[in-house]
Amino acid sequence: MWHPFTQMQEWEREDPLLIERGDGIYLYDIHGNKYLDGSSSIWVNLHGHRHRALDAAIQEQLGKIAHSTLLGAASPPSILLARELIKIAPKGLTRVFYSDNGATAVEVALKMAVQYWQQQSPPQKKKKSFIRLDAAYHGDTMGSMSVGGIARFHERFRPLLFSTIALDAPYCYRCPLDLRFPSCRTACLDPLEDVLSKRHERIAGVVIEPMVQAVAGMITQPPGYLSRVRALCLQYDVLLIADEVATGFGRTGTMFACNHERVTPDLLCVAKGLTGGYLPLAATLTTENIYEAFLGEPEKTFFHGHSYTGNALGCAAALANLEIFKKEKTLVHVRKRSGILKALLKPLAELPIVGDVRHCGMMAGIELVKNKETREPFPLSERMGHKIAADCRRRGLLIRPIGNIVVLVPPLAATELQLRKMSSILTKAVKSHARQIAMA
Ligand code: PMP
């Protein structure tokens, strides 16, 4: 096997992790070792592993059919799920286009945006550029990489990608603006306003991860940022594409991150938590206005689809997932536990190698720095994040770092006690490394 985002030479040298089963928020390897799933199996798992209702829903669907195509046909689970998604989505999103992972949900949104402008009367064919944020991550396909901005992942492919307009991310910890919140808020978005005012006739959309730029290192946006982006898009007649692949389904404490600022994007991309972390399914939600631009002669068709679009098992799991939200009052618990998590992680900020502790709902990023005063980062070659994650694993917590950022994304179902265990392991691991560095 060749693992994703993994240096295989290192993998072959290190003690490989082979997960055999899961139960609640625990994972068990083939040797019977038990680990807390501190990354929610890469931000997908919500209610824990082997949740009875999710298992039963998939088994029940399996008794009918696993998959049938949505190309020119429908299926009860896909229809029912579309209806449920629209009920919980930000108001104004009324149409659901399925695909099968986060990157494809974004590809769909990008293509829809461009074709939407082409099909206006008169056609606005010049509107085909996208504005993206620096350090954005929207997936690994060519289109989603084009609107991404993580140098390490994307730069070598830049010659193959379509050009975009990149703006600075609202990275408060490393902000070059010499202003304090909230007066920094408008200044932070001046560059967006500037570009939109000058080039809106050529811009199809602004692509954004609302509230938290996850892969960038859990960069949390200041309050008011998202709603201002929405307002500017409306003012300059540009579509807003919200990528909620990571933030959707309660991860930030509300069903969607857009809910924090009462924002309705023109296109909303969801995946990961859609099936509670069980199966690969994604959706791009949009407005009636965009949907209607595709009605008419055959050339207006949206020519996009995947073999497993709207997979019935995935839709059945997603329906069960949304049902659990209601039955278990998941959002109420998440809001409470989000406050607990914040308090638990706070002491980390005092440690000499911790520069910043960022948090939103059940997403947290701890930025490690070589020099706390100057905020100088550790060289990536020191692999600080990786070392701390390895230490956490020895202590029974699985997390996946991003460079110098230690990332903790517990399943929404994590109890207070389990959150305490996670943060205690994490704190011990960071402390032990801080001590080693101090002694060296
Ligand atoms: N968008 C965001 C915001 C993500 O965090 C990710 C995955 N980490 C993706 C898109 C891509 O999702 P997938 O891996 O399912 O293609």
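Whatever order the structure lists them in is the order used to number ligands and atoms, beginning at 1.
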Q) Strictly under 6.0 Å, is that where the ring centroids of His67 and Tyr308 end up? A) yes
(Q) What does the 4.0 Å heavy-atom contact list look like for ligand 1? (A) Trp43, Asn101, Gly102, Ala103, Tyr137, His138, Gly139, Glu209, Val215, Asp243, Val245, Ala246, Lys272
Q: Mind running salt bridge (charged side-chain N to carboxylate O under 4.0 Å, His left out) on Asp15 and Arg393 for me, showing each step along the way?
A: CA-CA 11 Å; Asp15 180 21; Arg393 177 179 158 191; 3.5 Å; yes
Q: Answer yes when Glu288 and Arg95 have at least one side-chain N-carboxylate O distance shorter than 4.0 Å, and no when they do not.
A: yes
**Q.** Glu84 bridged to Lys326 by N-O distance under 4.0 Å
**A.** yes
Q) Residues in salt bridge (Lys or Arg N to Asp or Glu O under 4.0 Å) with Arg394, at least two apart? A) none
(Q) Taking the side chain as everything from C-beta on, heavy atoms only, tell me whether Leu398 gets closer than 4.5 Å to Leu27. (A) yes
